[in-house]
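As structure tokens, the structure follows; a few thoughts come after it.
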Number of protein chains: 2
Amino acid sequence: MAKIEMPDDFYAQTPDANVRATEAVMNTIETADLLFDRIARLLRPLNVSAAGGLVLGILRDRGPMSPSELGGRLIVTRATVTGVVDSLERRGFVRRSPNPADRRGLVVEITPAGLVVLQQLRTLIHRHEKIWMSVLPEAELGDYIETLRRIQDSVSTAADERD
Amino acid sequence: MAKIEMPDDFYAQTPDANVRATEAVMNTIETADLLFDRIARLLRPLNVSAAGGLVLGILRDRGPMSPSELGGRLIVTRATVTGVVDSLERRGFVRRSPNPADRRGLVVEITPAGLVVLQQLRTLIHRHEKIWMSVLPEAELGDYIETLRRIQDSVSTAADERD
DNA sequence: ACTATATAGTTAGGGCCCTAACGACCGTCC
DNA sequence: GGACGGTCGTTAGGGCCCTAACTATATAGT
């Protein structure tokens with residue numbers, strides 16, 4: 001995810017330029033990037049990456065599953081899951097076993113050590129999320145979440161039409 | 001930037017859990033990720049990465065500058081700039097020359113080929129940004145941008161207090 | 001002058017993400 | 001029971017991002 005700088009004259013350079021739309025897109029990416037970076041820094045002392053933390057959470061909440069299913073939930077390719085699980089396995093937070101029902105497949109499950117680190121991770125992140133969002137009144141927070149949902153729908157839909 | 005899945009019972013797992021705050025953070029990252037991914041796909045046929053496109057834009061709008069300054073504007077480390085500029089230079093979109101005023105430094109500038117690809121890139125992206133954001137009424141778009149700014153301020157400030 | 005400190009750009013090493021291609025295996029249809 | 005199309009996980013190769021360390025050069029202070 002790239003960091004952003006908005007040149008003063010970024011707009012009005014093309015027929016379709018729209019200041020507010022560009023600003024919204026850029027700011028969204030910029031804000032997410034800031035949040036993601038903070039989260040990654042908070043997790044570093046725990047020896048987990050942000051992606052690894054998500055995987056641990058899914059495994060704890062949904063139980064053991066195949067790398068493919070994990071990829072589906074993370075919205076990430078199977079190839080990417082291979083790498084993240086490799087890393088978690090090296091640290092002993094996760095275990096891979098063959099799937100008796102399908103000899104092509106594997107089953108990934110969280111270990112006791114993984115459960116411990118997951119609890120620490122969630123405590124830490126939830127505390128900070130609360131602080132970060134405390135500048136927004138309850139109503140505004142709700143509107144914000146709703147707007148994000150509408151943007152997601154819009155982008156997903158637009159992508160379906162070939163262009 | 002990781003993709004997100006929100007487990008049904010992600011909340012109330014820690015003393016400080018706050019559903020709305022978590023949801024806002026997750027959704028922000030998720031939305032940005034979606035946008036970033038679409039942009040990267042749009043740019044692929046042009047043979048430019050999203051980061052590369054940003055660099056070209058900065059160089060065109062602000063003129064030639066050192067890799068360090070470029071890093072400052074992108075909010076990225078010098079080491080990262082080395083890689084992005086390497087890639088842009090391989091494609092002929094950018095040129096590195098020694099800085100006569102400081103023998104440690106370099107000056108990066110955009111080439112004619114870079115200008116061509118930049119114009120195509122902006123036309124393409126601006127058209128899509130407009131479409132993506134067209135679901136939001138003008139007032140809501142303004143509120144959204146304002147909320148993003150407040151979150152950024154909040155996160156930046158919170159980070160300054162040691163924790 | 002000379003040394004101590006700071007800065008420029010690079011490299012090395014690690015993480016995450018993607019696409020493409022591969023071997024192994026599944027299931028189905030003839 | 002064999003052939004085929006689909007899926008599983010992995011690897012190879014490319015891109016971006018970071019931190020730490022290194023070389024070369026600049027500059028401030030003695």
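Computed from heavy atoms alone, side chains included, the values below leave out hydrogens, waters and symmetry copies. What you are looking at is a predicted structure, and each value in this text was computed from that prediction instead of being measured. Numbers restart at 1 for each chain; the letters A, B, ... are given by sequence-line order, proteins then strands.
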- Query: Which residue lies toward the 5' end of DNA chain C, B/Gly83 or A/Ser87, if each is placed at its nearest nucleotide?
  - Reply: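 In this pair, the answer is B/Gly83.
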Distance test, side-chain N/O of [X] to OP1/OP2 of [N], below 4.0 Å:
{"X": "B/Ser66", "N": "C/dA8", "value": "no"}
{"X": "A/Arg96", "N": "D/dT10", "value": "yes"}
{"X": "A/Arg103", "N": "C/dG27", "value": "no"}
{"X": "B/Arg90", "N": "D/dG15", "value": "yes"}

If I take atom [atom1] in residue [X] and atom [atom2] in nucleotide [N], what distance separates them, rounded to the nearest angstrom?
{"X": "A/Leu43", "N": "D/dC17", "atom1": "CG", "atom2": "P", "result": "20 Å"}
{"X": "A/Met65", "N": "D/dG9", "atom1": "CE", "atom2": "P", "result": "12 Å"}
{"X": "B/Glu89", "N": "C/dT10", "atom1": "CD", "atom2": "C1'", "result": "13 Å"}
{"X": "B/Ile75", "N": "D/dC18", "atom1": "CD1", "atom2": "P", "result": "10 Å"}
{"X": "A/Ile39", "N": "D/dC17", "atom1": "CD1", "atom2": "P", "result": "18 Å"}
{"X": "B/Asn47", "N": "C/dC18", "atom1": "CG", "atom2": "P", "result": "20 Å"}
{"X": "B/Asp86", "N": "C/dA12", "atom1": "CG", "atom2": "P", "result": "12 Å"}
{"X": "A/Asp37", "N": "C/dC16", "atom1": "CG", "atom2": "P", "result": "15 Å"}

Looking at every strand, decide which applies to [X] at a 4.0 Å heavy-atom threshold: base, sugar-phosphate, or nothing.
{"X": "B/Ser49", "answer": "sugar-phosphate"}
{"X": "B/Asn99", "answer": "nothing"}
{"X": "B/Val84", "answer": "sugar-phosphate"}
{"X": "A/Thr77", "answer": "base"}
{"X": "B/Ala79", "answer": "base"}
{"X": "A/Thr82", "answer": "base"}
{"X": "B/Thr80", "answer": "base"}

When you compare the side chain of [Y] with that of [X], does any pair of heavy atoms fall below 4.5 Å?
{"X": "A/Leu70", "Y": "A/Val85", "answer": "yes"}
{"X": "B/Ile151", "Y": "B/Val25", "answer": "no"}
{"X": "A/Val55", "Y": "A/Leu88", "answer": "yes"}

Donor-acceptor pairs under 3.5 Å, side chain of residues 138-146 of chain A to any protein atom, not counting sequence neighbours: which ones?
unit_1: A/Glu140; atom_1: OE1; unit_2: B/Arg150; atom_2: NH1; d: 2.8
unit_1: A/Glu140; atom_1: OE2; unit_2: B/Thr147; atom_2: OG1; d: 3.1
unit_1: A/Glu140; atom_1: OE2; unit_2: B/Arg150; atom_2: NH1; d: 3.0
unit_1: A/Tyr144; atom_1: OH; unit_2: B/Thr28; atom_2: OG1; d: 2.6

- Message: Pick the closest DNA chain D nucleotide for A/Arg41 and for A/Val81 by heavy atoms, then say which residue is nearer the 5' end.
- Response: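 Looking at the nearest nucleotide for each, A/Val81 comes out on the 5' side.
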- Task: Ignoring hydrogens and angles, answer whether the base of C/dT7 and the side-chain atoms of B/Arg104 contain a donor-acceptor pair closer than 3.5 Å.
- Result: yes
- C/dA8 base to B/Arg78 side chain: any donor-acceptor pair below 3.5 Å? yes
- Where the side chain of B/Arg44 is concerned, which of D/dC17, C/dT19, D/dG9 is the nearest nucleotide?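 The closest nucleotide is C/dT19.
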- Query: Among the nucleotides D/dC16, D/dC8, D/dG9, which one has an atom lying closest to any side-chain atom of B/Ala51?
  - Reply: D/dC16
- Task: Please check if any side-chain donor atom of A/Arg91 sits under 3.5 Å from a side-chain acceptor atom of A/Ser87, or the reverse.
- Result: yes
- Item | Ion pair check, A/Arg41 and A/Asp37, cut-off under 4.0 Å |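 Salt bridge: yes.
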